[in-house]
Amino acid sequence: MANGQWYPPEWPDRIRALADGTLTPVVPRRAATVLLLRDPGPAVHLLRRSTSMAFAGGAYAYPGGGVDPRDDDRAVGWAGPSRTWWAERLGVAESAAQAIVCAAVRETYEEAGVLLAGPDPASVVGDTTGDDWEADRAALVARELSFAEFLDRRGLVLRSDLLGPWARWITPEFEARRYDTWFFVAALPEGQRTRNASTEADRTVWTTPAEAAAGYDRGELLMMPPTIATLRALTPYGTVAQVLAGAAGRDLTPVLARARVERGELVLSWPGHEEFTQRVPTTTDRTGGLPA
């Protein structure tokens, strides 16, 4: 293959069904994902989804996952920009903004062992690898413990000021599982380290965006469009501080794939991201990708 684009093999049939009106789009679930960064580089933390997984097996991604609805209306220990500020920046109601930011911090802790929270608005916790921390992390993963309860139990406040909103992508309408995902950037806190805490990943890596993009271009690293697009957007920056400063001006208009019929072919495109455009012929490739 010419690059590392990954597409589910069932997409062509679902695109056709959407085009002819026999497929009703699923309502997307809210989600959040975090591009953890560190200097020098800056380098970004990526995890590889287990190759045995049916969806995007072997593809590289960032720590992230779905919003816990309990975080919409629970009182959460909070530091940094107000919920009103986040609501305006993310384009959602205040309760939804709180839940999305909570999801970003919680999922980073669940999947990478990194916690963007501290005992006060000016500090961050240090090492989180002890058995007691691991027990709480496992309870969060199992949804036995809400994030608000976790923060309260630990006497912590969420450090929303450590996050920078970076992008927003919505899963195409023809997908069976859809997510409305906000992408954030954040610096790896001093004293903490990443680890592969996810049950869905078989390896993790720190790499520069340019190196990861080159691997994708050579067809060596599999990625879905949002991952490689956000990686490419990081390449102009020389430090983590520059990335975080650049987040203030990022356009968060949702990116949503479009499917259309053109001269007898089904055309799949992402507005503003022409490199991902695919033309689907009548005969589809059932081995795990769309023909170019």
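Note: hydrogens, waters and symmetry copies are ignored here, and every other heavy atom, side chains too, is used.
- Rounding to the nearest 0.5 Å gives a distance of 13.5 Å between CD1 of I15 and CZ of R258.
- Nearest heavy atoms, R153 versus D136: NH1-OD1, 2.8 Å.
- Using modelled atom types, one side-chain atom of D39 and one backbone atom of V240 make a donor-acceptor pair closer than 3.5 Å.
- Residues F147 and Y109 keep their aromatic ring centres 6.0 Å or farther apart.
- Of the N and O atoms on the side chains of Y216 and T227, not one donor lies less than 3.5 Å from an acceptor on the other residue.
- Using a 4.0 Å cut-off between a side-chain N of Lys or Arg and a carboxylate O of Asp or Glu, R30 and D72 qualify as a salt bridge.
- Remark: R195 engages E134 in a salt bridge (Lys or Arg N to Asp or Glu O under 4.0 Å) (not counting sequence neighbours).
- P81 is listed as a side-chain neighbour of D161, based on a closest heavy-atom distance under 4.5 Å.
- Using a 4.5 Å heavy-atom cutoff, the side chains of L234 and L37 are in contact.
- The closest side-chain heavy-atom distance from D132 to R154 is below 4.5 Å.
- None of M224, R203, R49 except one satisfies the side chain to side chain contact (heavy atoms under 4.5 Å, CB included) rule with Y60; the exception is R203.
- Residues S146 and R74 approach most closely at OG-NH1, 3.2 Å, considering heavy atoms.
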Evaluate the side chain to side chain contact (heavy atoms under 4.5 Å, CB included) criterion for residues F184 and I100: first the C-alpha distance (whole Å), next the side-chain angles of each, then the deciding distance (0.1 Å), finally the verdict.
-> CA-CA 10 Å; F184 299 86; I100 292 164; 3.9 Å; yes
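- Note that the CD atom of E149 and the CZ atom of R70 stand 6.5 Å from one another [nearest 0.5 Å].
- A197 and R137 get closest at one heavy-atom pair: O-NH1, 3.3 Å.
- Each of L188, L35, V34 was checked for a side chain to side chain contact (heavy atoms under 4.5 Å, CB included) with T108, and the lone residue meeting it is V34.
- A distance of 11.5 Å separates CD1 in I228 from CG in L222, rounded to the nearest 0.5 Å.
- In this structure, the ring of Y62 has its center no less than 6.0 angstrom from the ring center of W169.
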Side-chain donor-acceptor contacts of residues 113-125 below 3.5 Å, not counting sequence neighbours, with atom names and distances?
from: D120; atom 1: OD1; to: A122; atom 2: N; distance (Å): 2.8
from: D120; atom 1: OD1; to: S123; atom 2: N; distance (Å): 3.1
from: D120; atom 1: OD1; to: S123; atom 2: OG; distance (Å): 3.1
from: D120; atom 1: OD2; to: S123; atom 2: OG; distance (Å): 3.1

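- Under the 4.5 Å side-chain contact rule for hydrophobic residues, L158 and W133 share a cluster.
- E111 contributes a side-chain N or O that, together with a main-chain N or O of G64, makes up a donor-acceptor pair within less than 3.5 Å.
- In this structure, the separation between CD on E110 and CZ on R143 is 4.5 Å, given to the nearest 0.5 Å.
- Taking every heavy atom of both residues into account, T235 and P209 meet most closely at CG2-CB, 3.8 Å.
- Closest heavy-atom contact between P42 and V243: CG-CG2, 4.2 Å.
- A donor-acceptor contact closer than 3.5 angstrom is absent between the side chains of W85 and S160.
- Distance alone, capped at 3.5 Å, is enough to place a donor-acceptor pair between the W182 side chain and the L90 backbone.
- With contacts defined as side-chain heavy-atom distances shorter than 4.5 Å, the pair P254/R168 qualifies.
- Judged by distance alone, with hydrogens and angles left aside, the side-chain atoms of T204 form no donor-acceptor pair with the main-chain N or O of L46 at under 3.5 Å.
- You'll find the side chain of L163 reaches within 4.5 Å of the side chain of V101, heavy atoms only.
- Judged by distance alone, with hydrogens and angles left aside, the side-chain atoms of E211 form no donor-acceptor pair with the main-chain N or O of T207 at under 3.5 Å.
- How far OG1 of T24 is from CZ of F174: 15.0 Å, rounded to the nearest 0.5 Å.
- A donor and an acceptor atom, one from each side chain of E274 and T277, are nowhere located under 3.5 Å apart.
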Please step through side chain to side chain contact (heavy atoms under 4.5 Å, CB included) for the pair R38 and R193, ending with a clear verdict. CA-CA 10 Å; R38 72 181 185 189; R193 59 185 177 87; over 6 Å; no
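- One hydrophobic cluster, built from ILVMFWY side chains closer than 4.5 Å, cannot hold both V157 and W86; they sit in different ones.
- Side-chain contact between C102 and D68: absent, with no pair of heavy atoms (C-beta onward) separated by less than 4.5 Å.
- In terms of modelled atom types and a separation under 3.5 Å, the side chain of T22 and the main chain of A17 share a donor-acceptor contact.
- Residues D71 and Q98 share a closest heavy-atom pair of O-NE2, 2.7 Å.
- Under the 4.5 Å side-chain criterion, counting only non-hydrogen atoms from C-beta, V205 is not in contact with R48.
- The CG atom of L151 sits 11.0 Å away from the CZ atom of R106 when rounded to the nearest 0.5 Å.
- Cluster annotation: F276 is connected to L221 through the hydrophobic network of ILVMFWY side chains, with a link wherever side-chain heavy atoms come within less than 4.5 Å.
- Hydrophobic clustering (ILVMFWY, side-chain heavy atoms < 4.5 Å, transitive): L36 and W166 are in distinct clusters.
- One hydrophobic cluster holds both L145 and V76 under the rule that ILVMFWY side chains link at heavy-atom gaps under 4.5 Å.
- The backbone N or O of R178 lies less than 3.5 Å from no partner atom in the side chain of T171, so there is not a single donor-acceptor pair.
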